[in-house]
Amino acid sequence: MAENFDVKLVEEMKYYTPNPEYKRNSWLGDYQKAYDEFLADPDAFWSNVAHQLDWIKPWDAVKEWKYPYATWFTNAKLNITANCLDRHVNNNRRNKVALIWRGEGGAERIYSYQKLLSHVMRFANALKKIGVKKGDRVCIYMPLVPEQVIAMLACARIGATHSVVFGGFGAAALNLRIQDAEAKVVITADIAIRRGKAIQLKAIVDEAIMDAPSVEHVIVLRRKEPLVDIHPTRELDFYAVMEDVPEDCPPEVMDAEDPLFILYTSGSTGKPKGVVHTCGGYMVGTYYTSKYVFDIKDNDIFWCTADPGWITGHSYIIYGPLAVGATVFISELTPDFPDAGSWWSLIQEQKITVFYTAPTAIRMFMKMGEVWPNKYNLKSLRIIGSVGEPLNPEAFEWYYHTIGKDRCPIVDTWWQTETGMQMITTMIGEKMRPGFAGKPIPGVTVDVVDKSGKPVQPNTMGLLVIKSPWPAMLRTLYKDDERYRKYWYTIENCYTAGDLAVKGKDGYIMILGRSDDIIIVAGHNIGTAEVESALVSHKAVAEAAVIGKPDPLKGNSIKAFVILRVGHNPSENMTQDLLHHVRTTIGPIAMPQEIEYVDKLPKTRSGKIMRRVLKAKEMGMDPGDVSTLEE
Ligand code: WTA
């Protein structure tokens, strides 16, 4: 997003230096020393990390790189849940709290490592009982409750590949993901609870599976009293299915390269990409970053406010922190309900020490004023983090002063669904630079280059690339390896992230935004093509083009240009109808903020819509090269 590029801002060298105690006490120690150690021998570096974990059989090679395919921990055998659960239970930490959940109205549930393991094993046996086998795909469409965590870990326990779909997606989006993965089982709940209201999740599943022949069973967590009716054979109650199963479920022996999960993310076509992550490398990458980026210690209480339906939840609610043996806090409460103090009250109540959230939330809090956080005692906080979109300098300052009280280091972490683990940040103890995420994490090599792959000058905009494979990298796109190869062939020998960035003279990297047709709205990736195809599937729409517009709160907002079919006319009703249609097909996160009715869209002579021209016009900027424009 070139319109965010401000040379003055990039040239300003402003830093905050954390208290030296942070570095002295950190797992990492000195950043440069760690980074140099990695560069001197990358395989030895990752091997040292991997040796901190339990393996059923060790690897023959740390890494094998056959461009663009990598194998990590070749021929090693493991089970990630044995590292997230059994490892702690067997090391005198069975009574340590693994998970604390808070719902609305003061509801609270606490799981020790032992209790979590017991639930996971029972649910894993239940899945086996209904015929789920290693390699089968299981779709999880649930609210943020402990059962979601249990369901994911239970799949991993038996080697089933989970595909978690965020509970905010609509029926068509869910159907597409179930169909693409050919899920055998769907796990859901009757309702999600949001701002005091029940959201009927199961009704969406009912609609989504009407045309999904692969689905044999639906498991329903019934939260509401009286219990909702379920179909006597096809549908099963979450807890009833766990009765009459053995207590123990030994972890399935998984090859390091066996798939762990598929997670769909938006791409630049209408079809989402099924990012495939594998067991060994993903475990090592998320364990390592959880431990060293968040510097998690035994007494920490870690809260990542993401939903497990996104990669941030997979990596930093579940697999990473549990592999470290942390106490993880999760909550179904939104930041603004019952009032704008809800999250700060939870930090005070639970004595959260490490807090990880998104710039959108931070900017929303800024807008609501300091009175809210100032009502609560936030002294327990030790480290605060950010992810999902650029943390602009104003938001950085507010977060640093108002929440961190000039004391807590901020880890602004850049990464992606595809990278699986955090890649760029300012490691604990290093000086922080507002507006800049920081430097590559030891273990990762990045650069900012031009289209030919040549590094650009400092302080100039270029494309962000990753120059060598890393353990938690995606291995392919589910059933679409051709599309996977594009990541590595857009620029020869590099992984192209699809982000624009600037590297300062000090090596710090500022992320500017996407360089492709993905819009990041409130931290959620939305493909312009996805919204366009949802609009075009409405009977009144002939053509649609969608662009992202900078938004002070959400980072970007969606604007749609629509050509109606003959016989249909623009009206407020039409707009509401189209918005509703997008809401029920993709979900509320993809709803345009604005719809403008037009007679024509700018197109190339070959008929491709030039969104760039629409955007420039919208923003009052020069559209650049329009020589390919028709007429
Ligand atoms: C953006 C989320 C700036 C970026 C973990 C990336 C960021 C996309 C940051 C991936 C950050 C993520 N600063 N931009 N700290 N973190 N992004 O797959 O554009 O949901 O390509 O993964 O979010 O989004 P995804």
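Residues take their numbers from the sequence shown, with the count starting at 1. Note that ligands are numbered from 1 as they come in the structure, with each ligand's atoms numbered from 1 the same way.
Looking at heavy atoms from C-beta onward, Tyr489 lies in side-chain contact with Tyr67 at the 4.5 angstrom threshold.
Applying the salt bridge (charged side-chain N to carboxylate O under 4.0 Å, His left out) criterion to Lys291, with sequence neighbours excluded, gives no partner residue.
Ordered by chain and residue number, the residues placing a heavy atom less than 4.0 Å from ligand 1 are Ile311, Thr312, Val387, Gly388, Glu389, Pro390, Asp412, Thr413, Trp414, Trp415, Gln416, Thr417, Asp499, Ile511, Arg514, Ile520, Asn525.
Paired with Asp447 under the rule salt bridge (charged side-chain N to carboxylate O under 4.0 Å, His left out), one option of Lys503, Lys439, Lys454 passes, and it is Lys503.
Heavy-atom contacts from other residues, nucleotides or ligands closer than 6.0 Å to CD of Gln457 number 12 or fewer.
Closest approach of Met152 and His162 over heavy atoms only: O-CD2, 3.4 Å.
Judged purely by atom type and a 3.5 angstrom limit, Glu532 uses its side chain to pair as donor or acceptor with the backbone of Val546.
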